[in-house]
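As C-alpha cells, the structure follows; a few thoughts come after it.
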Amino acid sequence: MEKRDYLESQIEQLGLVLKNIIGFLIGKKSPGLETSKQLASLALKAELGFDPDEAVMLGDDDFLQRLIDTGKFNEGNYEKLADVLYLMAQEQLQTENRGEAKQLFNKSLLLYRYLERTEKKYSFYRNSRIVAIQSYGVN
C-alpha cells in the first residue's frame, strides 16, 4: 500500500512539473528559447533519468519503451509530455531550426498516436494537435 501511494505521489509530482513547464513555455513573459529548453530539459531529466535531447535522438520504439520503462507516466503525463515537445518544436520553428523542430514534432506525434491507440476515450484536443503537427509535414 505504501509503495503504491509513493508511486502515485511521484506520478502526481511529474504531472505538476510538466504542467509548470507548459505554463512557463506558453506564459506571457517568454524567457527565451534557451532558458525554456534548459528548464524543460532539467525538469524532465530529474524526473525521467535521461536527457530529453538524448531521448529525441532515439528511434521511435526506443523512445516509447524508455518512457514506459520508467513507470512514471500515466496517460495524462504522456499527453503533457507530448504538449511540451510540441511547444518546444514550435519555438524551434521560430528560430528557423527546422531539423530539431521536425524531431520534436515527430516525438510529440508519436506520443499522441500512442495515446490514440491505448486510451479508450477519443480526444478532440489530441486529434487537433495531430492534425497541426501533420500540417508541418511530419507524418
Side-chain angles (χ1 to χ4, degrees):
M1 184 73 173
E2 282 183 37
K3 193 173 190 178
R4 180 154 173 80
D5 290 339
Y6 175 75
L7 182 60
E8 286 177 359
S9 73
Q10 290 296 309
I11 291 171
E12 287 174 12
Q13 284 180 345
L14 178 60
L16 291 174
V17 167
L18 292 174
K19 178 183 171 190
N20 289 335
I21 291 170
I22 291 170
F24 192 24
L25 289 173
I26 63 174
K28 291 181 182 175
K29 294 183 181 178
S30 176
L33 177 62
E34 285 306 310
T35 305
S36 296
K37 189 174 176 183
Q38 288 172 352
L39 175 66
S41 292
L42 286 174
L44 292 172
K45 188 172 183 175
E47 291 298 321
L48 300 176
F50 65 92
D51 189 347
D53 292 329
E54 174 188 311
V56 169
M57 301 304 287
L58 294 172
D60 291 350
D61 292 336
D62 291 336
F63 176 75
L64 262 179
Q65 195 57 50
R66 276 186 107 168
L67 292 176
I68 292 167
D69 289 346
T70 65
K72 295 183 178 183
F73 279 91
N74 60 26
E75 286 81 10
N77 291 340
Y78 282 120
E79 189 149 8
K80 289 176 186 174
L81 178 58
D83 289 341
V84 169
L85 294 173
Y86 177 83
L87 293 170
M88 290 173 74
Q90 285 187 318
E91 284 193 30
Q92 290 297 327
L93 282 179
Q94 291 176 358
T95 63
E96 300 199 17
N97 189 349
R98 298 199 186 282
E100 190 167 342
K102 187 172 181 175
Q103 289 176 326
L104 291 164
F105 277 136
N106 184 46
K107 296 306 182 206
S108 180
L109 183 61
L110 178 71
L111 289 172
Y112 288 130
R113 285 184 173 157
Y114 172 74
L115 290 169
E116 287 281 303
R117 286 190 317 267
T118 59
E119 275 196 354
K120 295 177 183 174
K121 296 181 278 183
Y122 178 79
S123 169
F124 286 105
Y125 170 78
R126 186 171 41 243
N127 188 54
S128 70
R129 283 289 170 102
I130 290 171
V131 169
I133 292 170
Q134 289 173 334
S135 74
Y136 290 113
V138 177
N139 294 314

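Expressed to the nearest 0.5 Å, how far OH of Tyr86 lies from CD1 of Ile133 amounts to 6.5 Å. To the nearest 0.5 angstrom, Leu58 atom CG is 10.5 Å from Leu64 atom CG. How far CG of Leu110 is from CG of Asp61: 8.0 Å, rounded to the nearest 0.5 Å. Here Glu96 contributes atom CD and Arg98 contributes atom CZ; the two are 5.5 Å apart, rounded to the nearest 0.5 Å. In this structure, CZ in Arg113 is found 12.5 Å from CZ in Arg126, a value given to the nearest 0.5 Å. Once rounded to the nearest 0.5 Å, the distance linking CG of Asn106 with CZ of Phe63 reads 9.0 Å.
A pairwise comparison of heavy atoms in Glu79 and Ser123 identifies OE2-OG, 4.2 Å as the closest pair. Heavy-atom minimum distance, Ala82 versus Ser108: O-OG, 2.8 Å. The minimum heavy-atom distance linking Ala101 with Gln92 is given by the pair CB-CB, 3.7 Å.
At a threshold of 4.5 Å between non-hydrogen side-chain atoms, the residues Asp83 and Arg129 count as touching. The shortest side-chain heavy-atom distance between Phe105 and Leu93 falls under the 4.5 Å cut-off. Inter-residue side-chain proximity for Ile130 and Gln134 is flagged as met; some heavy-atom pair is nearer than 4.5 Å.
Under the 30°/60° scheme for interplanar angles, the aromatic rings of Tyr112 and Tyr125 are found to stand perpendicular.
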